[in-house]
Novice: 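A single structure is presented below for examination.
Since this is a predicted model, take the numbers as computed values, not measurements. A note on names: the letters A, B, ... follow the listed sequences, proteins ahead of strands, and every chain is numbered from 1.
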Amino acid sequence: MDKSYDRKKVEEKWYSFWDEQGYFKADPNSDKPKYSLLIPPPNLTGELHLGHAMQHSILDALARYKRMSGHDVLLLPGVDHAGIQFEAAFEKKLSKEGLSKQKLGREEWLKKAWGFKEEVYTSVSKTWRFLGLSADWSREVFTLDEGPRKAVFEEFKTYFDKDLIYKGPYIVVWCPKDQTAIEDVEVEYEERAEKLYYLKYGPLTLATARPETKFGDTAVAVHPDDKRFQEYVGKEIEIETLSGKKKMQVIADTAVDPKFGTGVIKVTPGHDFTDYEIGQRHNLPIIQVIDKTGRLTEVAGKYAGMKVAEAREAMLPELREKGILVKEEDYTHNVAVCERCKSVVEPIISEEWFVKVREMAKEAVQLIKEDEITFLPKNYEKILVEWLENIHDWCISRSLWWGHRIPVWYKDKEMKVSQDSPGEGWVQDEQVLDTWFSSGLWPFSTLGWPEKSTELEKYFPWDFEISAPEIKYLWIARMVMLSKYFTDQVPFKTMFFHGMLRDLEGRKFSKSLGNGIDPNYLIENWGVDATRMALYSYSVPGRDGRVSKQILDERGKNFRNFETKLRNIAHYVIELKPEGSNEKLDFKNEDDAWIKKELETTINNVSANIDSLNLHLATEEIYNFVWHKLADVYLEKTKERRAEAQPILEYVLESSLKLLHPFMPFVTEELWQSLPNKKGESITISLWPKNP
RNA sequence: GGGCACUUAGCUCAGUUGGUUCAGAGCGUCUCGUUUACACCGAGAAGGUCGGGGGUUCGAGCCCCUCAGUGCCCACCA
């Protein structure tokens with residue numbers, strides 16, 4: 001066979017053929033049973049990675065299989081605006097041009113941002129098509145589109161009217177780099193070797209890792225049962241500070257661990273979560289020491305204006321000199337950093353919007369426990385339930401510009417919830433909503449909700465949803481919660497968590513490590529079909545895989561070879577068809593009966609494995625049949641009775657192509673079209689083989 | 001600290017209810033073979049006491065207990 005043909009060209013040709021024929025379009029008016037799959041909207045940040053490629057390969061295999069099995073399939077594509085991540089990527093680009101948010105102003109910035117969005121989108125959507133994704137592009141949705149915008153407003157208004165939304169000062173995780181509050185689920189912890197400082201507070205000594213927050217102390221606390229400090233509880237002690245002597249009360253609170261450090265803590269309600277809670281219990285005042293840019297405020301005296309790390313270094317000599325700092329020891333602990341930009345985050349008091357989600361979460365738990373969602377792997381059900389049971393109020397505001405703006409308007413002392421300006425003189429809230437506020441609605445906002453569309457009626461709840469495990473709380477749990485709340489239904493019937501692909505050391509792929517593998521690289525080397533096949537072997541639910549470029553190349557090569565094998569089988573069957581071949585399909589010969597039986601077994605096993613979402617087994621099954629049964633054994637045997645076996649060869653080849661099509665769409669279409677009786681008719685709409 | 005996974009051939013991984021077909025695949029290694037579908041191939045071979053130990057059973061990678069190692073998630077101790 002020709003070994004040097006242009007695979008890419010062929011892929012493009014068939015993809016546009018399918019697209020033009022409209023095979024991927026769902027038809028709400030069809031009377032076929034529906035099967036709906038929701039594509040997790042990738043973030044608008046640029047490149048697609050291996051995880052996306054795997055998700056899309058899995059989704060597409062299922063979509064194609066269901067389509068061939070007589071379903072009206074909706075595979076719905078979309079894109080997420082990804083607030084923080086998008087702004088970070090955009091900011092980088094702007095800074096290269098010497099521009100910034102400050103220089104541009106909100107309006108101009110947004111204009112450019114939309115331009116950047118288009119740019120990024122173009123490259124992303126191209127890659128999608130390369131993977132062969134059989135999505136209904138006519139229904140593609142972007143989270144900032146008008147539809148989702150209406151849905152988001154409906155969501156906000158509903159919460160507001162039901163008194164589930166409130167705004168207030170609260171301790172939040174603040175990212176000084178991104179200049180916004182983030183959620184605790186967006187925080188990562190990094191182990192760092194720092195120091196533990198022992199400070200003298202009057203008659204007491206306490207240990208702290210953060211002496212710079214000293215200016216915000218409003219109490220000293222011990223455990224109520226700790227006998228060592230009983231005499232001080234409820235009293236005031238006089239302590240030495242950097243700005244002279246000061247009185248401070250000693251309180252008792254169970255949050256204090258008597259075994260850690262000296263058993264005494266300083267309470268800084270403005271900059272520590274535990275301390276904040278202690279402060280609430282004891283009515284302590286809050287002093288802000290660190291501002292939103294990560295610098296000390298004027299309460300820090302001469303240290304005001306310094307960044308946290310600088311200030312800490314700078315104040316140590318004075319603390320030593322004044323005899324306040326009495327001991328230092330090495331201390332390794334976890335430091336909270338922003339998941340997106342990796343800078344150290346600060347607990348800070350800020351004015352933010354919150355949603356009370358406890359009741360909603362409770363109902364979601366109920367729903368999950370009724371087993372209406374099949375989780376793969378199963379144990380994720382428990383993981384999600386536990387998170388939902390311990391949920392706390394959701395901080396939904398972000399100090400960003402890219403996103404759905406909070407639909408609240410102010411005029412003098414008045415406030416109104418409205419999607420658009422209520423009129424002259426009204427000013428909209430500056431903040432935007434958390435990205436997940438809109439993503440949580442995705443299963444129904446994409447189908448026209450809050451309108452009652454036929455699409456919503458037909459395709460919701462979704463039959464299948466897939467996700468990386470890392471967004472199980474941020475996204476999956478929220479979708480369940482919001483679907484229950486707004487539609488009283490589950491968002492999807494099957495929830496498939498794929499594993500994470502990691503490098504050989506077991507580390508995540510990340511930009512900062514530079515260990516990523518570009519799916520486009522694999523596609524260029526081995527073709528889409530082979531790349532997809534390689535990925536299916538890692539598609540076992542919940543199981544991580546360790547890969548390297550070399551390992552993926554091996555797999556890619558293997559399946560590229562398989563593709564060649566398939567081409568050669570087709571060549572033998574079709575091109576080398578002898579004159580005067582038998583026309584009648586019967587299986588009287590012993591070999592014919594054998595291959596027929598093997599094929600039937602394969603059909604059963606492949607179908608069953610797709611139905612049970614074991615794509616790695618389904619692909620193995622058909623691979624084994626085609627290579628080691630059909631090619632190695634049967635085909636060899638037909639050489640002695642070529643003309644007689646022709647109808648059986650054609651029949652088995654056709655069935656094999658169909659069985660392979662969900663996984664290797666391109667080569668199967670190409671070979672299908674070369675069958676003498678199939679010119680122009682697509683394998684995409686052929687019927688899945690069934691045994692009598 | 002709490003929870004959850006994983007540990008099977010040199011490497012990356014399968015192995016769905018315990019039972020001739022479970023001891024496998026791909027790649028790698030070795031031997032042989034250019035027989036017209038295919039060397040991006042074919043025939044064959046080597047290689048694992050399925051992490052250690054204990055238990056249940058007529059019978060266990062597969063169930064239970066325990067130990068060890070690895071990874072992930074959650075919480076967070078100032």
Novice: Roughly how many Å is it from OH in A:Tyr572 to P in B:U35, rounded to a whole number?
Specialist: 16 Å

Novice: Whom does B:C41 pair with, Watson-Crick or G-U wobble, provided both distances fall under 3.5 Å?
Specialist: B:G33

Novice: Using atom NZ of A:Lys378 as one end and atom C1' of B:C4 as the other, report the distance to the nearest whole Å.
Specialist: 15 Å

Novice: Looking at every strand, decide which applies to A:Asp632 at a 4.0 Å heavy-atom threshold: base, sugar-phosphate, or nothing.
Specialist: sugar-phosphate

Novice: Checking all strands, does A:Ile551 fall into the base, sugar-phosphate, or nothing category for heavy-atom contacts under 4.0 angstrom?
Specialist: sugar-phosphate

Novice: By nearest atom, which of the nucleotides B:A5, B:A37, B:A14 is closest to the A:Val540 side chain?
Specialist: B:A14

Novice: Expressed as a whole number of Å, how far does the P atom of B:G15 sit from that of B:C62?
Specialist: 15 Å

Novice: Is it the case that more than 12 heavy atoms not belonging to A:Lys597 sit under 6.0 Å from its NZ atom?
Specialist: no

Novice: Could you check whether A:Asp257 gets within reach of a base, just the sugar-phosphate, or nothing at all, counting any heavy atom under 4.0 Å?
Specialist: base

Novice: Would the base of B:A37 count as contacting A:Glu636 through its side chain, where contact means a donor and an acceptor less than 3.5 Å apart?
Specialist: yes

Novice: Please measure how far the C1' atom in B:U20 lies from the corresponding atom in B:G59, and state the result in whole Å.
Specialist: 13 Å

Novice: Using OP1 and OP2 only, check whether a side-chain N or O of A:Asn558 sits under 4.0 Å from B:C40.
Specialist: no

Novice: When the P atoms of B:C13 and B:G55 are considered, how many whole Å apart are they?
Specialist: 33 Å

Novice: Given A:Asp226, which partner from the list A:Arg228, A:His223, A:Gln230 fulfils the side-chain hydrogen bond (donor to acceptor under 3.5 Å, both in side chains) test?
Specialist: A:Arg228

Novice: Where each residue is assigned the nucleotide of RNA chain B containing its nearest heavy atom, which of A:Ala207 and A:Asn609 is assigned the position nearer the 5′ end?
Specialist: A:Asn609

Novice: Examine distances only and state if a side-chain atom of A:His498 and a backbone atom of A:Ile466 form a donor-acceptor pair shorter than 3.5 Å.
Specialist: no

Novice: Ignoring backbone atoms, test whether A:His628 places a side-chain nitrogen or oxygen under 4.0 Å from the OP1 or OP2 oxygen of B:G26.
Specialist: yes

Novice: Could you state the CD-P distance from A:Glu640 to B:A37, rounded to the nearest angstrom?
Specialist: 12 Å

Novice: Are A:Lys565 and B:G42 close enough that a side-chain N or O sits under 4.0 Å from OP1 or OP2?
Specialist: yes

Novice: Using the P atom as the reference point in each nucleotide, state the distance between B:G26 and B:A37 in Å, no decimals.
Specialist: 23 Å

Novice: Taking B:G69 as the reference, what is the distance to B:A60 when you measure between their P atoms (whole Å, please)?
Specialist: 28 Å

Novice: Look at atom CD of A:Glu640 and say whether more than 12 heavy atoms of other residues, nucleotides or ligands are closer to it than 6.0 Å.
Specialist: no

Novice: With heavy atoms under 4.0 Å as the rule, sort A:Ser612 into base, sugar-phosphate or nothing.
Specialist: nothing

Novice: Counting side-chain heavy atoms from CB outward, which of B:C13, B:A37, B:G3 is closest to A:Asn568?
Specialist: B:A37

Novice: Tell me whether the OP1 or OP2 atom of B:C73 has a side-chain N or O from A:Trp387 closer than 4.0 Å.
Specialist: no

Novice: Would you indicate what A:Leu617 reaches in the nucleic acid, counting non-hydrogen atoms under 4.0 angstrom: base, sugar-phosphate, or nothing?
Specialist: sugar-phosphate

Novice: Mind checking if A:Phe559 touches a base, just sugar-phosphate, or nothing, with heavy atoms under 4.0 Å?
Specialist: nothing

Novice: Could you tell me whether A:Glu194 and A:Arg312 have a side-chain N and a carboxylate O separated by less than 4.0 Å?
Specialist: yes

Novice: Taking a pair as Watson-Crick or G-U wobble with both distances under 3.5 Å, which nucleotide is matched to B:A60?
Specialist: none

Novice: How far does the C1' atom of B:U56 sit from the matching atom of B:C65, given to the nearest Å?
Specialist: 10 Å

Novice: Indicate, with a heavy-atom threshold strictly under 4.0 Å, whether A:Gly545 touches base, sugar-phosphate, or nothing.
Specialist: sugar-phosphate

Novice: Hey, is the side chain of A:Ser548 poking within less than 4.0 Å of OP1 or OP2 on B:U12, counting only N and O atoms?
Specialist: no

Novice: Does a side-chain heavy-atom distance below 4.5 Å link A:Trp526 with A:Phe559?
Specialist: no

Novice: Side chains of A:Ile476 and A:Met479: closer than 4.5 Å at any heavy-atom pair?
Specialist: yes

Novice: Using heavy-atom distances to pick each residue's nearest nucleotide on RNA chain B, tell me which of A:Glu620 and A:Ile265 is more 5'.
Specialist: A:Glu620

Novice: Check whether any side-chain nitrogen or oxygen of A:Arg543 sits under 4.0 Å from OP1 or OP2 of B:A14, and answer yes or no.
Specialist: yes

Novice: Quick check on B:G15: is either OP1 or OP2 less than 4.0 Å from any side-chain nitrogen or oxygen of A:His616?
Specialist: yes

Novice: Which one is paired to B:C72, where only Watson-Crick or G-U wobble pairs with both distances under 3.5 angstrom count?
Specialist: B:G3

Novice: Should A:Lys382 be listed as having a side-chain N or O under 4.0 Å from OP1 or OP2 of B:C4?
Specialist: yes

Novice: Report the distance from atom CZ of A:Phe625 to atom P of B:A25, rounded to the nearest whole Å.
Specialist: 19 Å

Novice: How close or far is atom C1' of B:C38 from atom CD of A:Glu575, stated in whole angstroms?
Specialist: 14 Å

Novice: What is the separation between atom NE2 on A:His571 and atom C1' on B:C38, rounded to the nearest whole Å?
Specialist: 9 Å

Novice: For B:A75 versus B:G28, give the span between their C1' atoms, rounded off to a whole number of Å.
Specialist: 45 Å

Novice: Taking pairing as Watson-Crick or G-U wobble with both contacts under 3.5 Å, can you name the mate of B:A14, or confirm there isn't one?
Specialist: none

Novice: Categorize A:Tyr538 for me: base, sugar-phosphate, or nothing, with a 4.0 angstrom heavy-atom threshold over every strand shown.
Specialist: sugar-phosphate

Novice: For A:Glu650, is there an ion pair with A:Lys577 - N to carboxylate O distance below 4.0 angstrom?
Specialist: yes

Novice: Counting the atoms with a prime plus P, OP1 and OP2 as sugar-phosphate, which does A:Leu504 contact under 4.0 Å by heavy atoms, base, sugar-phosphate, or nothing?
Specialist: sugar-phosphate

Novice: Quick test of your reading of the model: are A:Glu11 and A:Lys9 salt-bridged, counting only N-O distances below 4.0 Å?
Specialist: no

Novice: Using whole Å, what does the distance between atom C1' of nucleotide B:C76 and atom CG of A:Asp272 come to?
Specialist: 10 Å

Novice: Give a yes/no answer on whether the side chain of A:Lys557 brings an N or O atom under 4.0 Å of OP1 or OP2 in B:G28.
Specialist: yes

Novice: In whole angstroms, how far is the P atom of B:C40 from the CH2 atom of A:Trp526?
Specialist: 11 Å

Novice: Could you work out the separation of B:C58 and B:G18 based on their P atoms and round it to a whole Å?
Specialist: 15 Å

Novice: Give A:Ala221 one of three labels, base, sugar-phosphate or nothing, depending on what nucleic acid heavy atoms sit under 4.0 Å from its own.
Specialist: nothing

